[in-house]
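What follows is one structure encoded as structure tokens, with my remarks underneath.
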Amino acid sequence: MTSGDTAVAAPWPTVTPVPATMRAVTFQQFGGPEVLRLETVPTPRYGPTEVLIRIGAVSVGRVLDLAARSGRHPYAQFTFPHILGAEHAGVVAGVGEDVAGIAVGDHVATFPLLTDPDCPMVRAGYEELSPSARIIGTHLPGAYADYIAVPASNVFGVPDDVTPVDAVAVALAGVVAMNQLTRAGFVSGQRVLIQGATSALGSTTALLARHLGAQVVVTSRLEPKRARLRELGFEAVLDSVSPTLADDVRAQFGGAGADIVIDNLGDAQLWEKGMAALAPGGAIVSSGAFLGRTVQVDLQRLYTFGHRVIGVRTGNMAAAARLWTEVGGGFRGVVDRTFSLADATHAHEYVESSDSIGRVALHALP
């Protein structure tokens, strides 16, 4: 298997006349990484309220990409041939006639959740729960390609000192992380425990919480990954397998429990440890069930200590706006390594190996 490049800082692509056809990684059937093929397909056309983006980088996600490719995604709906790729960043190559405030040549990233603005859930600020919600790359053709056409309303400007790869590391994961903290009622100075903090989302949430002023404890079951977390500057790094994890967390927090626990894994034993580590009035947030779907909750403990259990499916536009404000203020995610778009098969193999710490991305072909 190709190892890829360790976090290559690929440049922003140059805007050139838009060709009639483009290169894209497609697949014609569910299966392993080997079903991915680099093909020539028509370049998408953009409508009056859309922009055309020349892709600079696109992330490789375990759920949105790997599970969709294998046919195991819980809510993916698309027809073959399909192009994956939700989180993407690039340079604006075309602007619809009704679009204002965006120009050809702008560096942008897209929040990939599209919704009906007239949906009551969207109007209430919960577009991530709208039945109209569609995700680029999951329900619509994605960004494993040279170009993509997206609604201008979902595009955010990227600061000049941020590379395309750095942008895709937070384009969706950062927004989900922001929504997790927001829904839990986070304020600066609170104590936050991140379980499984070496995943793409877990590492992003841990870094964002620290950036926003939290006291952060992170966990991983593997020592090499805990060592990497220490390299990222986390001082309180714990073994999630430890039977005394809840006590260990309190020791790190000076005897107090966690105000917020983030658990995107769904492991029953780890969930119980997280609940036991909560402070009175604390919240545990779940945005995933990678290791399991069923956990136990002690209801007597729940109401006695005023605990909250919060499900966060994904991010929303408000969280995206806050996230990009923080990126402008210096927030960055962590990129494990990059692969060329033509090497998408090996990128999927690498993510499936579970060796990555942070985001894995594909960079554009020249």
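Few gaps surround CD on E223; more than 12 heavy atoms of other groups in view lie less than 6.0 Å from it. Annotation for F78: atom CZ counts as buried by contact number, over 12 foreign heavy atoms lying within 6.0 Å. In D98, the CG atom is crowded: over 12 heavy atoms of neighbouring residues, nucleotides or ligands sit closer than 6.0 Å. The environment of Q269 atom CD is sparse: at most 12 non-hydrogen atoms of other residues, nucleotides or ligands sit within 6.0 angstrom. For CZ of R308, the number of neighbouring non-hydrogen atoms (other residues, nucleotides, ligands) closer than 6.0 Å is greater than 12.
Between A197 and L229, the shortest heavy-atom contact is O-CD2, 3.6 Å. When all heavy atoms are compared, the tightest approach of S240 to K273 is O-NZ, 3.0 Å. Across all their heavy atoms, V60 and D65 have their closest contact at CA-OD2, 3.3 Å. Heavy-atom minimum distance, G137 versus L84: O-CD2, 3.7 Å. In this structure, Y147 and P19 approach most closely via the heavy-atom pair OH-CD, 3.4 Å. Between S286 and W271, the closest heavy-atom pair is CB-CZ3, 4.1 Å.
Every salt bridge (Lys or Arg N to Asp or Glu O under 4.0 Å) that R69 has, sequence neighbours left out, goes to E352. For H139, there are no ring pair (Phe, Tyr, Trp, His ring centres under 6.0 Å) partners, not counting sequence neighbours. In this structure S130 satisfies the side chain to side chain donor-acceptor pair (under 3.5 Å) test together with S132, sequence neighbours excluded.
Ring centroids of F111 and F156 are separated by 6.0 Å or more, keeping the two rings apart. Aromatic pair Y75/H73: centroids less than 6.0 angstrom apart.
By the 4.5 Å heavy-atom criterion applied to side chains, R54 and V92 are not counted as neighbours. With contacts defined as side-chain heavy-atom distances shorter than 4.5 Å, the pair L270/D263 qualifies. Between E87 and V58 there is no side-chain heavy-atom pair separated by less than 4.5 Å. Side-chain contact between V18 and L52 is present, with at least one heavy-atom pair separated by less than 4.5 Å. Using a 4.5 Å heavy-atom cutoff, the side chains of T345 and V25 are not in contact. Using a 4.5 Å cut-off on side-chain heavy atoms (C-beta onward), H88 and I136 make contact. Within the 4.5 Å cutoff, side-chain heavy atoms of H346 are placed close to those of D343. Taking the side chain as every heavy atom from C-beta outward, P81 and F27 never approach each other to under 4.5 Å.
Remark: the backbone N or O of G196 is paired with a side-chain donor or acceptor of T219 at under 3.5 angstrom. Judged by distance alone, with hydrogens and angles left aside, the side-chain atoms of D247 form no donor-acceptor pair with the main-chain N or O of T244 at under 3.5 Å. Of the possible donor and acceptor atoms, none in the side chain of S242 sits under 3.5 Å from a partner among the backbone N and O of D239. Looking only at distances, a side-chain donor or acceptor of R250 sits under 3.5 Å from a matching main-chain atom of L278. At least one donor-acceptor pair closer than 3.5 Å links the side chain of S340 to the backbone N or O of A342. Here the side chain of R359 pairs no donor or acceptor atom with the backbone of D336 at under 3.5 angstrom.
The structure places CD of E349 at 9.5 Å from CG of L36, a figure rounded to the nearest 0.5 Å. Atom CD1 of residue I262 and atom CG of residue L201 lie 8.5 Å apart, to the nearest 0.5 angstrom. Distance check: H363 NE2 to L341 CG gives 9.5 Å after rounding to the nearest 0.5 Å. Taken to the nearest 0.5 Å, the CD1 atom of I284 stands 9.5 Å off from the NE2 atom of H307. Taking CE of M22 as the start and CG of D146 as the end, the distance is 7.0 Å to the nearest 0.5 Å. How far CD1 of I357 is from NZ of K225: 6.0 Å, rounded to the nearest 0.5 Å.
Within the structure, ring-ring contact (aromatic ring centres under 6.0 Å, His included) contacts touching residues 158-204 (residues at least two apart or in different chains) do not occur. Sorted by first and then second residue, the side chain to side chain donor-acceptor pair (under 3.5 Å) pairs with a member in residues 34-53 form an empty list; sequence neighbours excluded.
Note: the hydrophobic cluster containing V327 also contains L232 (ILVMFWY, side chain heavy atoms under 4.5 Å, direct or indirect links). Under a hydrophobic-cluster definition in which Ile, Leu, Val, Met, Phe, Trp and Tyr are linked whenever side-chain heavy atoms come within less than 4.5 Å, directly or via other members, I53 and V99 are assigned to the same cluster. Connection of V104 to V108 is established within a shared hydrophobic cluster, with ILVMFWY side chains joined at heavy-atom distances below 4.5 Å, either directly or through further cluster members. Under the 4.5 Å side-chain heavy-atom criterion for Ile, Leu, Val, Met, Phe, Trp and Tyr, M317 and M121 are members of distinct hydrophobic clusters. Cluster annotation: V187 and L207 are assigned to distinct hydrophobic clusters (Ile/Leu/Val/Met/Phe/Trp/Tyr, side-chain heavy-atom contacts under 4.5 Å, transitive).
A donor-acceptor contact closer than 3.5 angstrom is absent between the side chains of T115 and E127.
At a threshold of 4.0 Å, the pair R332-D166 does not count as salt-bridged, since none of the basic side-chain nitrogens sits closer than that to a carboxylate oxygen. Taking 4.0 Å as the cut-off between side-chain N and carboxylate O, R226 and E231 do not count as a salt-bridged pair.
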Show me the donor-acceptor pairs, under 3.5 Å and distance only, between side chains in residues 170-182 and residues at least two apart or in other chains.
unit_1 : atom_1 : unit_2 : atom_2 : d
N179   : OD1    : R183   : NE     : 3.3
N179   : OD1    : N316   : ND2    : 3.4
N179   : ND2    : E128   : OE2    : 3.1
N179   : ND2    : T314   : O      : 2.8
Q180   : OE1    : T205   : OG1    : 3.0
Q180   : NE2    : N264   : OD1    : 2.9
Q180   : NE2    : S287   : OG     : 2.9
T182   : OG1    : M178   : O      : 2.7
T182   : OG1    : R322   : NH2    : 3.1

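Cation-pi contact between R210 and F331: absent, since separation from the ring centre below 6.0 Å together with deviation from the ring axis within 45° is not met. In this structure, R301 forms a cation-pi arrangement with F305, its terminal cationic atom sitting closer than 6.0 Å to the ring centre and no more than 45° off the ring axis.
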